[in-house]
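Each chain gets a letter, A, B and so on, in the order its sequence line appears, and its residues count up from 1.
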Amino acid sequence: MDIQENTQEKPLDFIRQIIADDLRTGKHTGTVTRFPPEPNGFLHIGHAKSICLNFGIALENNCPCHMRFDDTNPSKEESAYVESIMRDVKWLGFDWGKNLYYASDYFDQLYEYAVRLIQLGKAYVCDLTGEQIREYRGTLTEPGRESPYRNREAAENLDLFQRMRNGEFEEGSRVLRAKIDMASPNVNMRDPVIYRILKVSHHRTGDKWCIYPMYDYTHCLSDAIEGITHSLCTLEFEDHRPLYDWVLDILKTPCHPRQIEFARLNLTYTIMSKRKILQLVNGGHVQGWDDPRMLTISGLRRRGYSPASIRNFCNLIGIGKKESWIDMGILENAVRDDLNETAPRVMGVLEPLKVIIDNYPEGQVEEMEAQNHPQRPEMGTRMLPFAKELFIERSDFMEDPPKKFFRLGPGREVRLRYAYLIRFVSLVKNEATGEIQEIHCTYDPATKGGTTPDGRKVKGTIHWVSAAHALTCPVRLYDRLFLVANPDAEKDVDFKTYLNPDSMQILDNCRVEPILADMEPGTRVQFERQGYFCLDQIDSQKSRPVFNRIVTLRDSWVKEQAKE
RNA sequence: UGGGGCGUAGCCAAGUGGUAAGGCACCGGGUUUUGAUCCCGGCAUUCGCAGGUUCGAAUCCUUCCGCCCCAGCCA
């Protein structure tokens with residue numbers, strides 16, 4: 001599959017326009033972008049937007065995109081996350097080649113740069129407590145006050161900073177601050193902390209350091225060290241850009257990347273923050289980070305979303321600065337579009353209702369040829385066993401159907417897909433419950449394969465499986481995790497209030513074609529007339545498949561019913 | 001009430017002074033052995049509001065309104 005699909009004729013987004021200009025004017029001869037996750041959690045669909053942007057630009061320009069872990073806070077970060085992030089990015093279809101970096105690789109250089117800052121009189125060691133620093137910072141409307149330690153001599157700062165590094169001071173007792181402007185209307189410029197003492201071992205550097213650089217200081221320098229041309233981040237960093245530029249200007253780095261901010265992804269009927277996702281996992285509301293209802297990359301993968309569908313989705317929604325809410329339907333459509341092209345068709349009965357063909361010979365089995373994809377004959381055909389006892393979908397029969405119901409009912413005839421036309425004869429009910437137990441039909445032997453040699457029309461075609469040959473298996477029907485478009489909308493209502501109690505429905509008496517016994521976990525198929533399903537990669541066993549519903553097919557019948 | 005951003009259809013989104021692309025949703029119709037797919041048609045006299053400049057404004061200017069972000073030794 002061409003990973004640059006659909007990127008051609010579209011108008012350029014504002015970032016790609018800037019890049020095109022930079023290339024045209026000769027400011028740059030190529031691009032170097034980067035995806036800089038912090039290894040403190042799992043990637044989700046929002047990260048996919050950034051991944052597709054950064055790696056997409058790289059692909060379009062035949063240039064590198066760096067994978068860089070922003071690992072400057074060892075108290076929150078773990079190598080397990082590093083592994084899962086790399087796996088997810090690869091699964092999405094992107095390749096950073098040799099360009100794997102860690103901000104922690106730059107700790108020595110970052111330290112030297114900090115020393116340089118001190119020598120230039122642009123940084124100082126501050127002994128204020130955290131609380132005092134906050135007080136001195138002022139408020140959004142009032143300027144801050146200068147720290148009493150602000151005017152220490154370079155020599156003293158150098159000595160103190162060295163001793164911070166040596167571990168002579170307690171955590172929290174001192175920090176290194178950039179000396180900028182305590183009266184700046186931008187609070188990020190009011191002498192931001194750039195180094196803090198953290199007596200914690202780091203997942204990569206172990207106990208080599210007990211001081212760690214802060215994001216604002218680290219990120220711009222990491223970008224500069226790597227020769228990044230365009231440093232793309234989300235809107236909330238807009239206010240940090242002056243600091244990004246300040247550090248690089250003061251230090252006169254040979255490379256000064258341009259930071260450009262774009263709006264993060266918001267999707268309806270879900271939540272995107274790491275913190276809230278964590279609450280769902282820890283609170284047992286879902287079954288883990290890879291729960292198929294979650295929009296983590298691992299959840300989407302387990303659900304059965306294809307990488308191409310996620311890339312297409314990211315491509316579709318565009319890049320801009322407007323904070324927008326993308327309808328979940330767009331994501332669902334993106335998988336439908338992809339799977340419609342690629343998924344083989346099979347038949348599966350979710351809620352079986354037994355059908356007995358009265359005039360079909362006892363013990364006879366016929367093989368019916370079925371297409372694996374009606375629009376793509378090159379995908380071949382398969383044989384379906386047909387016999388006297390079948391299962392059809394319970395919802396495909398109605399005792400007293402409305403006129404527009406095109407399926408089976410008293411007096412009606414339907415086509416069994418790829419098999420025969422059958423006509424209703426009678427039904428048997430459970431005396432006690434009133435539930436329909438089985439229905440009896442006759443078939444027309446002249447309609448083998450579902451054809452009508454006499455040219456008669458039947459409105460409905462339904463799916464079926466042979467009772468004796470079908471495989472019984474569980475199917476998990478997933479639905480949206482939340483009942484409302486924006487579970488976060490009200491400040492004083494817990495988002496978990498809006499959890500959809502029916503987001504997962506397990507059916508364990510489903511009947512599917514025997515061919516599915518041999519398919520690999522992870523395989524995606526379309527159950528005709530129902531939706532796209534994926535063999536669960538963890539719970540499926542040989543001859544005992546477990547299916548996850550990825551997404552339903554569009555269904556104009558439910559729409560029709562809703563009109564009443 | 002400080003600073004930084006953003007307002008084009010129900011939801012996204014092009015548009016960069018020359019008369020509102022496209023997608024989703026929705027509404028019609030056609031094809032169909034999946035009520036799927038596919039195909040055709042409809043869907044903003046108007047771009048947050050009000051003024052101004054101009055032959056001409058979503059695009060330029062001014063005022064106002066609304067929404068988002070920022071006061072971690074998180075990223």
Side-chain angles (χ1 to χ4, degrees), chain A residues 9-13 17 36-38 40 70-73 75-77 126 128-130 133-135 137-144 171-177 184-190 192-198 211-212 214-216 218-219 233-242 261 263 268 274 316-330 332-334 336-337 340-341 345 347 370-371 373-375 404-407 415-419 421 447 449-452 458-463 485 526-531 552-560:
Chain A
E9 322 78 25
K10 284 189 64 180
L12 298 181
D13 58 67
Q17 278 179 36
E38 182 190 13
N40 71 341
D70 224 328
D71 55 351
T72 58
N73 186 353
S75 60
K76 292 185 173 179
E77 297 151 6
C126 181
L128 256 24
T129 64
I133 286 180
R134 181 159 27 89
E135 284 163 14
R137 189 155 32 224
T139 69
L140 295 178
T141 51
E142 304 156 39
E171 224 175 79
S173 62
R174 278 180 236 260
V175 293
L176 184 70
R177 292 227 253 170
S184 172
N186 180 347
V187 292
N188 293 122
M189 300 297 272
R190 320 238 263 227
V193 172
I194 58 176
Y195 265 93
R196 78 287 214 188
I197 299 168
L198 245 31
I211 55 171
Y212 293 94
M214 299 284 288
Y215 166 85
D216 285 308
T218 307
H219 204 88
C233 62
T234 42
L235 252 29
E236 67 271 28
F237 291 104
E238 222 152 12
D239 288 340
H240 296 241
R241 189 172 14 145
E261 311 84 11
T268 57
K274 279 184 191 172
L316 214 57
I317 58 177
I319 300 291
K321 300 197 70 157
K322 186 167 76 178
E323 197 157 313
S324 59
W325 283 84
I326 306 293
D327 197 294
M328 182 68 93
I330 305 280
E332 293 169 344
N333 257 322
R336 288 193 186 104
D337 284 351
N340 178 46
E341 295 296 320
R345 266 106 244 237
M347 292 201 279
Q371 291 177 279
H373 190 127
Q375 281 77 40
K404 284 185 173 174
F405 185 79
F406 304 146
R407 309 170 191 181
R415 170 164 35 233
L416 294 177
R417 177 91 157 147
Y418 299 124
L421 267 58
T447 59
T451 55
T452 51
V458 273
K459 205 73 164 121
T461 297
I462 65 175
H463 59 277
Q526 182 197 92
F527 285 176
E528 291 207 25
R529 305 207 302 133
Q530 309 208 94
T552 62
L553 252 33
R554 283 198 191 86
D555 189 346
S556 58
W557 169 237
V558 303
K559 218 179 275 178
E560 186 64 38

Worksheet item: Do A/N186 side-chain atoms and A/D239 backbone N/O form a donor-acceptor pair below 3.5 Å?
Response: yes

Response to the item:
A/D70 has its side chain closest, among B/C70, B/A75, B/C12, to B/A75

Discussion item. Under 4.0 Å, counting only non-hydrogen atoms across every strand here, what does A/H240 touch: a base, just sugar-phosphate, or nothing?
Written reply: base

Item to complete: Examine distances only and state if a side-chain atom of A/Q17 and a backbone atom of A/L12 form a donor-acceptor pair shorter than 3.5 Å.
Response: yes

Discussion item. Working to the nearest 0.5 angstrom, can you tell me the gap between A/L421 CG and A/L416 CG?
Written reply: 8.0 Å

Worksheet item: Is the backbone of A/T552 close enough, under 3.5 Å, to the side chain of A/R336 for a donor and an acceptor to pair up by distance?
Response: yes

Item to complete: Please state whether the phosphate of B/G35, meaning OP1 or OP2, lies under 4.0 angstrom from any side-chain nitrogen or oxygen of A/R407.
Response: no

Worksheet, complete the sentence: Exactly one of A/R529, A/Q530, A/H463, A/Q526 clears side-chain contact (heavy atoms from CB on, under 4.5 Å) with A/M347, and that residue is A/H463

Worksheet item: How is A/L140 classified with respect to the nucleic acid when contacts are heavy atoms under 4.0 Å: base, sugar-phosphate, or nothing?
Response: base

Practice prompt. Report which part of the nucleic acid A/D239 touches: base, sugar-phosphate, or nothing (heavy-atom distance under 4.0 Å, all strands).
Written response: base

Worksheet item: Contact class for A/P36 (heavy atom, under 4.0 Å): base, sugar-phosphate, or nothing?
Response: nothing

Worksheet item: Taking a pair as Watson-Crick or G-U wobble with both distances under 3.5 Å, which nucleotide is matched to B/C24?
Response: B/G10

Discussion item. Please classify the nucleic acid contact of A/M347 as base, sugar-phosphate, or nothing, using heavy-atom distances under 4.0 Å.
Written reply: nothing

Worksheet item: B/G30 and B/G17: how far apart are their P atoms, nearest whole angstrom?
Response: 46 Å

Item to complete: Describe the nucleic acid contact of A/Y418 in one word from base, sugar-phosphate, nothing, applying a heavy-atom distance below 4.0 Å.
Response: base

Worksheet item: Looking only at atom C1', what distance separates B/G10 and B/C27, rounded to whole Å?
Response: 14 Å

Worksheet item: Counting only side-chain N and O atoms of A/S556, is one of them less than 4.0 Å from OP1 or OP2 of B/A36?
Response: yes

Discussion item. Need one value for A/G318: base, sugar-phosphate or nothing, where a base atom within 4.0 Å counts as base even if backbone is also close, heavy atoms only.
Written reply: nothing

Worksheet item: Ring-on-base stacking between A/W557 and B/G35, under 5.5 Å between centres and under 30° between planes: is it there?
Response: yes

Discussion item. For B/G72, give the paired nucleotide (Watson-Crick: N1-N3 plus N6-O4 or O6-N4; G-U: N1-O2 and O6-N3; both under 3.5 Å), or none.
Written reply: none

Worksheet item: What is the pairing partner of B/G18, taking Watson-Crick or G-U wobble pairs with both distances under 3.5 Å in any strand?
Response: B/C55

Practice prompt. Name the nucleic acid region contacted by A/T451, choosing base, sugar-phosphate or nothing; use a 4.0 angstrom heavy-atom cut-off, strictly under.
Written response: base

Could you list all N or O pairs between the protein and nucleotides 19-26 of chain B that sit under 3.5 Å apart?
residue: B/C24; atom: O3'; partner: A/N333; partner atom: ND2; Å: 2.8
residue: B/A25; atom: OP1; partner: A/N333; partner atom: ND2; Å: 3.2
residue: B/A25; atom: OP1; partner: A/R554; partner atom: NE; Å: 3.2
residue: B/C26; atom: OP1; partner: A/K559; partner atom: NZ; Å: 3.1
residue: B/C26; atom: OP2; partner: A/K559; partner atom: NZ; Å: 3.4

Worksheet entry | Charged N-O contact under 4.0 Å between A/K321 and A/E238 | yes

Fill in: Exam field: side chain A/T461 to backbone A/R417, donor-acceptor pair closer than 3.5 Å
no

Response to the item:
Considering only heavy side-chain atoms of A/R196, the closest of B/U16, B/U34, B/C73 is B/C73

Discussion item. Using a 4.0 Å heavy-atom cut-off, does A/L128 contact any base of the nucleic acid, only the sugar-phosphate backbone, or nothing at all?
Written reply: base

Discussion item. Nearest whole Å is fine: how far is B/G5 P from A/K321 NZ?
Written reply: 7 Å

Worksheet item: Would you say the side-chain atoms of A/E77 pair up with the backbone N or O of A/N73, donor to acceptor, closer than 3.5 Å?
Response: yes

Worksheet item: With rounding to whole Å, what would you report as the distance between B/A13 and B/A50 at their C1' atoms?
Response: 27 Å

Discussion item. For B/C73 and A/R137 - does any side-chain N or O of the residue sit under 4.0 Å from the phosphate oxygens OP1/OP2?
Written reply: yes

